[in-house]
A.B. asks: 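Structure incoming, see below.
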Amino acid sequence: MGLSGGELDRLAMAVLQPGFEGTEPPDWLRRALGEGLGGVVLFARNIARNVARNNARDVARDNACGSVAALAADLRRERPDVVVAVDEEGGAVTRLEAATGSSWPGNLALGVAGDESLTRRVARQIGRMVAAAGITLDYAPVVDVNADPRNPVIGVRSFGSDPEEVGRHGAAWIEGLQSAGVAACAKHFPGHGDTVTDSHLALPAVPASREVIERRDLPPFRAAIAAGVRAVMCGHLLVPAVDALPATLSRAVLTGLLREELGFDGLVVTDAIEMRAVAALHEPGEIAVRALAAGADAICVGVSSARGESVYALRDAITGAVRDGRLAEERLAEAAGRVRDLAAWYDARAEARAAVARDADEGLGLAAATAALRATPAEQAAAPLTKAPLVVHLAARPSQAVGRATPLKVGQAIEEILPGTVTAEVDGDGHLPDLSEAGRPLVIVVHDAVRHAWMRRLLEEALRARPDAVVVETGMPGPPAGRLYLTTHGNSTASARAAARRLTGGA
């Protein structure tokens, strides 16, 4: 192709999707957009702080969307076709509702509810919110099959453990979101569900044969592609049955498997390259070059230096690799072209975004979360609380994927209905409070107790002292425990309110 230095620089900038600090574009970002930067990824840190102090959840959400919409408009004044991306999965992973917790249940709850039309409606409403914020690309849904309940980073973010069900709900979610004029992104290819390592911290390995991967992990991605998903995010995963390189850096995975075998021709974006799964192996520039050579089209960079030097260093690494012959100029041009194609797809759907803005589905989040509740034994599920209880939350540190989200806790949701409810929070280093306080009913709330030995130990200790306790599991279900075992299959604000209403009979 023989591009000039300036043209090559613009191609290299086009494939980057960096994050930044603050609620306004810093000067370096404005300059980079003018120099061809193709995308930006937003986080909770980019939402104006006064939003987090607003106690009215619906008002806070609208204010957050307004804040982000103003930011997105500011970005587009610098580059009209910039791809503005965000992680908005619903459930535990939310950026726009990080201050209050998601209004919609997450994937596992939708999978348990088992109604694909409900999944489609929920995703359309998430799309409505994301569209109002001026977002081009939502890094969702997760279509990993949760094959190992010990998985520390997928869990309730998955629609379930059955590949066909995950595929059906994943396709419905994609259709719902994209009907709102926002691009969906199926993740984390070729499947993060059969891992016990968090890729934010180290490189996970998928210990499955090629046959198992084909039968279990790939069907949801095939369904996503058939549903017209505009983007796929590759996971920082080692899949020895396919290649000895991490998927992000593997031509066998991204080109051979995703492009050639599954036939995907849309945008392939990496997971954030500062995650230790790949950051421990190479410098950022080398990761970007190898990912592009393998078949990725966009490089997600969650954290950038204060003056943008890190973004320009990535650009220079990419252009240097082209000049050295390590990265084909045609491959870089193809990647930049796919970024432009996604932006053009978004621009062509202004009418869909205008239509969904008038399509509020009030009460849907609570209804969907209620449909996902399961109680054991079922005959005791009706309003076991008649007076304000003591609620003990056994709380583990959230994963980095969840970030700063602060959903309404079950105890807070009960207190909205039964004033005088007392709550206590205990972590892995803590001790149970006095469980006999004033003869109150006892509710013990756990999240992913199947993954935390300390949590199971404290739960068993509490039930020995109070066998009449009600247990609420907001994560992956385990063996039933307590007088009543209620599972929400997620820890969104919607799920907390659904559980509180089931326990109290509250309206």
Side-chain angles (χ1 to χ4, degrees), residues 55 57 100-101 105 109 156 366 369-398 406-507:
N55 292 322
R57 180 171 55 89
T100 56
V156 294
L366 181 60
T370 300
L373 295 176
R374 297 293 182 268
T376 305
E379 62 271 15
Q380 293 190 26
L385 300 180
T386 57
K387 62 180 181 178
L390 168 63
V391 182
V392 178
H393 290 263
L394 302 183
R397 184 185 300 274
T406 54
L408 188 75
K409 292 181 171 62
V410 172
Q412 294 170 314
I414 293 173
E415 189 174 14
E416 292 179 345
I417 300 169
L418 295 176
T421 294
V422 173
T423 62
E425 191 162 312
V426 182
D427 62 19
D429 298 321
H431 302 280
L432 292 171
D434 179 3
L435 301 181
S436 62
E437 185 193 334
R440 293 174 179 271
L442 175 63
V443 178
I444 306 168
V445 183
V446 296
H447 184 78
D448 285 349
V450 294
R451 291 201 302 108
H452 301 288
W454 69 266
M455 197 177 291
R456 295 194 301 275
R457 175 179 56 79
L458 289 179
L459 177 59
E460 291 168 1
E461 180 182 334
L463 290 175
R464 283 195 297 270
R466 291 287 302 271
D468 62 320
V470 171
V471 177
V472 179
E473 171 61 81
T474 64
M476 296 299 297
R483 174 167 66 96
L484 174 68
Y485 182 71
L486 182 67
T487 52
T488 66
H489 302 96
N491 60 344
S492 66
T493 289
S495 297
R497 286 208 164 100
R501 281 158 174 72
R502 173 66 66 85
L503 293 175
T504 63

A.B. asks: Please round to the nearest 0.5 Å and tell me the distance separating atom CG of Asp429 and atom CH2 of Trp454.
C.D. replies: 8.5 Å
A.B. asks: Please walk me through it: do Leu432 and Leu394 pass side-chain contact (heavy atoms from CB on, under 4.5 Å)?
C.D. replies: CA-CA 9 Å; Leu432 292 171; Leu394 302 183; 4.2 Å; yes
A.B. asks: Any chance you could measure Glu416, atom CD, to Arg497, atom CZ, to the nearest 0.5 Å?
C.D. replies: 4.0 Å
A.B. asks: Given side-chain contact (heavy atoms from CB on, under 4.5 Å), test Arg483 with Val470 step by step and report yes or no.
C.D. replies: CA-CA 6 Å; Arg483 174 167 66 96; Val470 171; 3.8 Å; yes
A.B. asks: Heavy atoms, side chains only, cut-off 4.5 Å: are Val426 and Pro433 in contact?
C.D. replies: yes
A.B. asks: Between Ala369 and Pro105, which heavy-atom pair has the shortest distance, and what is it?
C.D. replies: N-CG, 3.7 Å
A.B. asks: Is the side chain of Tyr485 donor-acceptor paired with the backbone N or O of Pro477 at a distance under 3.5 Å, no angle test?
C.D. replies: no
A.B. asks: Stepwise, does the side-chain contact (heavy atoms from CB on, under 4.5 Å) test hold for Ile417 with Leu385?
C.D. replies: CA-CA 11 Å; Ile417 300 169; Leu385 300 180; over 6 Å; no
A.B. asks: Tell me if a side-chain donor or acceptor on His393 pairs with a main-chain N or O of Thr423 at a distance below 3.5 Å.
C.D. replies: no
A.B. asks: Between His447 and His452, what is the shortest heavy-atom contact and its length?
C.D. replies: O-CD2, 3.8 Å
A.B. asks: As an exercise, state the distance from CG of Leu435 to CD1 of Ile444, rounded to the nearest 0.5 Å.
C.D. replies: 6.5 Å
A.B. asks: Could you tell me if the side chain of Val445 sits less than 4.5 Å from the side chain of Lys409, heavy atoms only?
C.D. replies: no
A.B. asks: Could you check if a side-chain atom of Val392 sits within less than 4.5 angstrom of a side-chain atom of Val443, using non-hydrogen atoms only?
C.D. replies: no
A.B. asks: So, taking the atom named CD in Glu425 and the one named CG in Asp427, what distance separates them when rounded to the nearest 0.5 Å?
C.D. replies: 8.0 Å
A.B. asks: Between Thr370 and Arg501, does the side-chain contact (heavy atoms from CB on, under 4.5 Å) criterion hold? Intermediate values first, please.
C.D. replies: CA-CA 9 Å; Thr370 300; Arg501 281 158 174 72; over 6 Å; no
A.B. asks: Under the salt bridge (charged side-chain N to carboxylate O under 4.0 Å, His left out) rule, what pairs show up with a residue in residues 458-475, not counting sequence neighbours?
C.D. replies: Arg466-Asp468
A.B. asks: Under 3.5 Å, side chain of Asp448 to main-chain N/O of Met476, donor-acceptor pair present?
C.D. replies: yes
A.B. asks: Work out which heavy atom in Ser492 is nearest to a heavy atom in Pro407; give both atom names and the distance.
C.D. replies: C-CB, 4.0 Å
A.B. asks: Donor-acceptor pair, Thr474 side chain versus Thr488 backbone, under 3.5 Å?
C.D. replies: no
A.B. asks: Side chains of Ser495 and Thr493: closer than 4.5 Å at any heavy-atom pair?
C.D. replies: no
A.B. asks: Taking all non-hydrogen atoms of both residues, which atom of Ala481 and which atom of Leu463 are closest, and how far apart?
C.D. replies: CB-CD1, 3.7 Å
A.B. asks: Ignoring hydrogens and geometry, is there a side-chain-to-backbone donor-acceptor pair from Thr421 to Val391 under 3.5 Å?
C.D. replies: no
A.B. asks: Mind listing the closest non-hydrogen atom pair of Leu366 and Ala494 along with its distance?
C.D. replies: CD1-O, 3.9 Å
